[in-house]
Chemist: 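If you scroll down you'll find the structure; I have some questions about it.
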Amino acid sequence: MKLETQKKTVNKSAAELFDFLADVKNFEKLMPENISKFEVLEEDKFLFALKGMPEIVLKMKEKQPHSKLVLGAASDKLPFTLTANINSIEANKSEANLVFEGEFNAMMGMMIKGPITSFINTLTDNMANV
């Protein structure tokens, strides 16, 4: 399953946005209002839960300075990645989008597609407002 958000313009340089996203504690500022738990576990790992959903632990897997960050599920039970793609537009302006990729059976895919799409769209929208 691959879900991708629309690109959003962010009033930060690509370097500033990259540095913001590279610090996992900043993801708390991007979370939707229905977040019920957020906890930084390690420098590159955090846990979050949305109301009515199980807790998810994300770990920084890859960093390509100023253009790409990849977070992955810390658990092998639900293997997926969340990739932030950043493109520089101007000195103080960039655009970003998120790509969610995971391997799920058809039933699980149908159940999570709506909530995951909504979740990653919220993260991307909130990026434009930080």
Side-chain angles (χ1 to χ4, degrees):
M1 176 190 310
K2 181 176 182 178
L3 305 171
E4 193 165 346
T5 66
Q6 297 281 332
K7 290 182 177 175
K8 291 285 184 176
T9 301
V10 180
N11 290 320
K12 289 182 185 296
S13 70
E16 286 175 307
L17 182 57
F18 178 87
D19 291 344
F20 177 84
L21 295 174
D23 186 347
V24 297
K25 75 175 182 289
N26 287 328
F27 274 84
E28 186 170 17
K29 298 172 184 160
L30 303 177
M31 290 288 160
E33 289 180 10
N34 66 337
I35 187 167
S36 60
K37 186 174 188 176
F38 186 93
E39 188 179 326
V40 174
L41 302 173
E42 294 172 18
E43 188 178 296
D44 63 347
K45 188 189 223 179
F46 66 95
L47 172 151
F48 72 96
L50 303 176
K51 290 187 178 111
M53 299 282 280
E55 291 180 354
I56 296 170
V57 177
L58 286 176
K59 182 174 178 56
M60 192 67 67
K61 301 277 189 184
E62 180 185 340
K63 293 181 188 178
Q64 292 178 11
H66 314 309
S67 64
K68 182 178 177 182
L69 292 123
V70 180
L71 293 163
S75 163
D76 292 335
K77 288 181 190 167
L78 287 175
F80 69 89
T81 58
L82 184 62
T83 303
N85 296 303
I86 304 167
N87 296 310
S88 181
I89 299 174
E90 297 171 10
N92 289 318
K93 201 175 259 188
S94 56
E95 66 179 9
N97 80 321
L98 294 175
V99 179
F100 173 93
E101 291 184 86
E103 303 261 334
F104 306 103
N105 65 40
M107 187 67 156
M108 177 69 92
M110 287 186 342
M111 287 172 38
I112 66 171
K113 184 176 183 179
I116 295 292
T117 300
S118 175
F119 175 69
I120 64 175
N121 282 329
T122 300
L123 292 182
T124 306
D125 290 346
N126 289 344
M127 248 187 261
N129 302 320
V130 290

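Atoms considered below: every heavy atom in the structure, side chains included; atoms not considered: hydrogens, waters and symmetry mates.
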Chemist: Looking only at non-hydrogen atoms, find the nearest pair between Ala73 and Leu58 and report the distance.
Modeler: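 In terms of heavy atoms, the two residues are closest at N-CD2, 4.0 Å.
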Chemist: In Å, rounded to the nearest 0.5 Å, how long is the span from CG of Leu17 to CG of Asn92?
Modeler: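 Here the interatomic distance stands at 12.0 Å.
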Chemist: Which pair of heavy atoms, one from Leu69 and one from Lys63, lies closest together, and at what distance?
Modeler: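 Reported closest heavy-atom pair: CD2-CG, 4.0 Å.
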Chemist: Contact between Thr81 and Glu62 at the side-chain level, heavy atoms closer than 4.5 Å - yes or no?
Modeler: no
Chemist: Would you find more than 12 non-hydrogen atoms of other residues, nucleotides or ligands less than 6.0 Å from Lys59 atom NZ?
Modeler: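 Yes, the 6.0 Å shell around NZ holds more than 12 heavy atoms from other groups.
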Chemist: Might you point out which heavy atoms bring Lys45 and Val57 nearest each other, and give the distance in Å?
Modeler: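 The pair with the smallest heavy-atom distance is CG-CG1, 3.7 Å.
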Chemist: Counting only pairs under 3.5 Å, give me each side-chain donor-acceptor contact of residues 18-28, with atom names and distances, residues two or more places apart or in other chains.
Modeler:
from, atom 1, to, atom 2, distance (Å)
Asp23, OD1, Lys25, N, 3.4
Asp23, OD2, Lys25, NZ, 2.6
Asn26, OD1, Lys29, NZ, 3.1
Asn26, ND2, Phe20, O, 2.9

Chemist: OG1/Thr9 to CD1/Ile89 distance, rounded to the nearest 0.5 angstrom?
Modeler: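 Going from the OG1 atom of Thr9 to the CD1 atom of Ile89 covers 4.5 Å.
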Chemist: Nearest 0.5 Å, what's the OG-NE2 distance between Ser94 and His66?
Modeler: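 Going from OG on Ser94 over to NE2 on His66, the span is 11.5 Å.
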Chemist: Determine, using the 4.5 Å side-chain heavy-atom cutoff (strictly less than), whether Leu47 and Leu82 are members of one ILVMFWY cluster.
Modeler: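 Leu47 does not cluster with Leu82.
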Chemist: Ser88 and Ala14: which non-hydrogen atoms are nearest, and at how many Å?
Modeler: CB-CB, 3.9 Å
Chemist: Using every non-hydrogen atom in the two residues, find where Leu50 and Pro32 come nearest and quote the distance to one decimal.
Modeler: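 Scanning both residues, the minimum pair turns out to be CD2-CG, 3.7 Å.
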Chemist: Please list every donor-acceptor pair under 3.5 Å in which a side-chain atom of residues 97-117 meets a protein atom from a residue at least two apart or in another chain.
Modeler:
from, atom 1, to, atom 2, distance (Å)
Asn97, OD1, Asn85, ND2, 3.4
Asn97, ND2, Glu4, OE2, 3.1
Asn97, ND2, Thr5, O, 3.4
Asn105, OD1, Met107, N, 3.2
Asn105, OD1, Met108, N, 2.7
Thr117, OG1, Lys113, O, 2.7

Chemist: Considering only heavy atoms from C-beta outward, does the side chain of Lys93 approach that of Asn11 to under 4.5 Å?
Modeler: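 Yes, side chains in contact.
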Chemist: Let me have the donor-acceptor pairs involving side chains of residues 33-43, under 3.5 Å, with sequence neighbours excluded, atom names and distances please.
Modeler:
from, atom 1, to, atom 2, distance (Å)
Ser36, OG, Ala49, O, 3.2
Lys37, NZ, Glu55, OE2, 3.0

Chemist: May I ask you to test the Asp125-Lys8 pair for a side-chain heavy-atom distance under 4.5 Å?
Modeler: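 Side chain of Asp125 against side chain of Lys8, heavy atoms only: contact under 4.5 Å found.
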Chemist: Give the cluster check for Met127 versus Val70: same hydrophobic cluster or not, with ILVMFWY residues linked at side-chain heavy-atom distances below 4.5 Å.
Modeler: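 Met127 and Val70: separate clusters.
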Chemist: What heavy-atom pair brings Thr124 and Gln6 nearest, and what distance separates the two atoms?
Modeler: CG2-O, 3.7 Å
